[in-house]
Undergrad: 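First the structure, which I've put down as C-alpha cells, then a few questions once you've had a look.
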There are 2 protein chains.
Amino acid sequence: MSNAKVSPPLRNEVEPCCPPLAERPLTAEEAERTAKMFKALGDPVRLRLFSAVASHEGGEACVCDISDVGVSQPTVSHHLKKLKEAGLLSSERRGTWVYYRVEPAVLAAMGQLLTRAAAV
Amino acid sequence: MSNAKVSPPLRNEVEPCCPPLAERPLTAEEAERTAKMFKALGDPVRLRLFSAVASHEGGEACVCDISDVGVSQPTVSHHLKKLKEAGLLSSERRGTWVYYRVEPAVLAAMGQLLTRAAAV
DNA sequence: CTCCTGTTTCGACGTTCATCGATCTCTCGC
DNA sequence: GCGAGAGATCGATGAACGTCGAAACAGGAG
C-alpha cells in the first residue's frame, strides 16, 4: 500500500455513536457503527489485551508488559491496532516503548448502551 | 472444561460470565467466555435484530415482526440462533409464531463489565 | 387428511479474519 | 555510523463467518 501520506479524519468522534439498544430499533448504519466496537471486543486475545491495559495502573501500559497472551508479537500488534481503530485504545510512543491507554468515554457509552437496554 | 460444581473465591455470582475488565487482566478462559457475548453483538444484522427485540413492547417480539433487516429469512433465523446460543435471547413458541425475548440479567452484567472498567 | 404459512435446518459459496514468519522502521547506546 | 532491542507492517495460509436457495419441520385452517 502506498498511502503512507494519507491522514484523513480518522479520529472517531464516538460520543454520538449510538442510541441505547432498547430505545428503538437500530438503523443499518447505526448498527454498522456500533457493531464495530463490539466486534473489537469479540476476540479472546483482544479482550485480554484490553483488560490488561485497563487494569494497569493509570489505565495505560507498555506493549512489552501485556504481550504475554499466548500469541506471537506481530499478532499482538495486529490486535492492538484493531482496538485502536475501534476507538477503544490510543497509543503514544515514549522513547523506545509504545504505551496504550483506554478511552473511558467510549467504554462508558457502550456500557450505557447495554444497561439502559436492560433497564427497559 | 468440566466445571460441574465450582465454588472458588468467586464473589460476583451474578452470572457465569465475567469479572470487570479493569479489575485485573482476564485469564484465557474468562476472555474466551466473555468474548463470545461481545462477538454475538459484533455483527450489524444481529445488533439490529437484538435491538428490535429489546425495543419491542414487553421486551419480546415475533420473528415475523423483526425480519425486515435486509437479509433473507433463513439468515435471520441463523442470527437469532446465534444470539440465543450466546445467552442474550430466549425463544418460545406460541402457536404458529416464535417469540424471542431479551435476557436482562446478562445485559446488565455486560454493562457493568464496561462501566466499571470506565469508572476505574 | 391436505394445504398453507411461519420457522428452522442443511449444504454450499465467497468473504473476512486470526495467525504466523520475515522484514522494515524507529530509537537508544556505543 | 553501527548494532541491538521494541513495535509495526507485509504476504500467505487455514479456519471461521455471513449469506443464500432448497428442503425439512411444526401448527393451524379448511
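Protein chains get the first letters and strands the later ones, always in sequence-line order, with residue 1 at the start of each. Values below: every heavy atom of this structure, side chains too, minus hydrogens, waters and symmetry copies.
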Undergrad: Distance check needed: D:dG18 C1' versus B:Glu85 CD, whole Å only.
TA: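 Roughly 14 Å, once rounded to whole Å.
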Undergrad: Among all residues two or more places apart in sequence or in another chain, which pass the side chain to side chain donor-acceptor pair (under 3.5 Å) test with B:His78?
TA: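 B:His78: no side chain to side chain donor-acceptor pair (under 3.5 Å) contacts found.
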Undergrad: Considering only nitrogen or oxygen atoms on both sides, find all protein atoms under 3.5 Å from nucleotides 20-25 of chain D and state each distance.
TA:
residue	atom	partner	partner atom	Å
D:dC20	OP2	B:Ser72	N	2.6
D:dC20	OP2	B:Ser72	OG	3.0
D:dC20	OP2	B:Thr75	OG1	2.9

Undergrad: At 4.0 Å (heavy atoms only), tell me whether B:Val76 reaches a base, stays on the sugar-phosphate, or touches nothing.
TA: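 Nothing: the residue B:Val76, judged by heavy atoms under 4.0 Å, touches no strand.
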Undergrad: For chain B and DNA chain C, what are the first and last nucleotides along the strand, 5' to 3', with at least one atom under 4.0 angstrom from a heavy atom of the protein chain?
TA: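 Answer, 5' to 3': C:dG6 to C:dT9.
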Undergrad: In whole angstrom, what separates B:Leu80's CG from D:dG18's C1'?
TA: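 B:Leu80 atom CG is separated from D:dG18 atom C1' by 14 Å.
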Undergrad: Residues two or more places apart in sequence or in another chain: which of them pass side-chain contact (heavy atoms from CB on, under 4.5 Å) with A:Arg93?
TA: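 Once residues adjacent in sequence are excluded, the partners of A:Arg93 under the side-chain contact (heavy atoms from CB on, under 4.5 Å) criterion are A:Val98.
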Undergrad: Quick check: do B:Arg94 and B:Glu60 have side-chain heavy atoms less than 4.5 Å from each other?
TA: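 Yes, at least one pair of side-chain atoms sits under 4.5 Å.
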Undergrad: Does some side-chain heavy atom of B:Ser90 sit less than 4.5 Å from a side-chain heavy atom of B:Glu103?
TA: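 A side-chain contact under 4.5 Å exists here.
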Undergrad: Counting the atoms with a prime plus P, OP1 and OP2 as sugar-phosphate, which does A:Lys82 contact under 4.0 Å by heavy atoms, base, sugar-phosphate, or nothing?
TA: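 Counting heavy atoms under 4.0 Å across all strands, the contact made by A:Lys82 is with sugar-phosphate only.
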Undergrad: For A:Glu29, give me all partners under side-chain contact (heavy atoms from CB on, under 4.5 Å), at least two apart in sequence or on another chain.
TA: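 In terms of side-chain contact (heavy atoms from CB on, under 4.5 Å), with neighbours along the sequence ignored, A:Glu29 is linked to A:Thr27, A:Arg33.
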Undergrad: Rounded to the nearest angstrom, tell me the gap between atom CD in B:Glu92 and atom P in D:dA26.
TA: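 After rounding, the gap between these two atoms is 18 Å.
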Undergrad: A:Trp97 has an atom CH2; how far is it from atom P of D:dG5, in whole Å?
TA: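 From A:Trp97 CH2 to D:dG5 P: 12 Å.
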Undergrad: Only counting residues at least two apart or in another chain, list the ones meeting side-chain contact (heavy atoms from CB on, under 4.5 Å) with B:Ser72.
TA: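 B:Pro74, B:Thr75.
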Undergrad: For the pair made of NZ in A:Lys39 and P in D:dG18, what is the distance, rounded to whole Å?
TA: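 Going from NZ in A:Lys39 over to P in D:dG18 covers 8 Å.
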Undergrad: Taking the side chain as C-beta and beyond, is there a heavy-atom pair between A:Leu41 and A:Leu83 under 4.5 Å?
TA: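 Counting from C-beta outward, A:Leu41 and A:Leu83 do come under 4.5 Å.
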Undergrad: Indicate, with a heavy-atom threshold strictly under 4.0 Å, whether B:Ser77 touches base, sugar-phosphate, or nothing.
TA: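 The residue B:Ser77 makes base contact.
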Undergrad: Need one value for A:Tyr100: base, sugar-phosphate or nothing, where a base atom within 4.0 Å counts as base even if backbone is also close, heavy atoms only.
TA: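 If one applies the 4.0 Å heavy-atom cut-off, A:Tyr100 turns out to touch the sugar-phosphate alone, with no base involved.
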Undergrad: Which heavy atom in A:Ala54 sits nearest to a heavy atom in B:Ala22, and how many Å separate them?
TA: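 The pair with the smallest heavy-atom distance is O-CB, 3.8 Å.
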Undergrad: Using every non-hydrogen atom in the two residues, find where A:Lys36 and A:Ala86 come nearest and quote the distance to one decimal.
TA: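 It is O-CB, 4.4 Å.
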Undergrad: Could you tell me the separation between the CG atom of A:Leu49 and the P atom of D:dG7, rounded to a whole number of Å?
TA: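 Answer to the nearest Å: 12 Å.
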Undergrad: With a 4.0 Å cut-off on heavy atoms, is A:Arg46 in touch with a base, just the backbone sugar-phosphate, or nothing at all?
TA: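 Sugar-phosphate: the residue A:Arg46, judged by heavy atoms under 4.0 Å, touches backbone atoms but no base.
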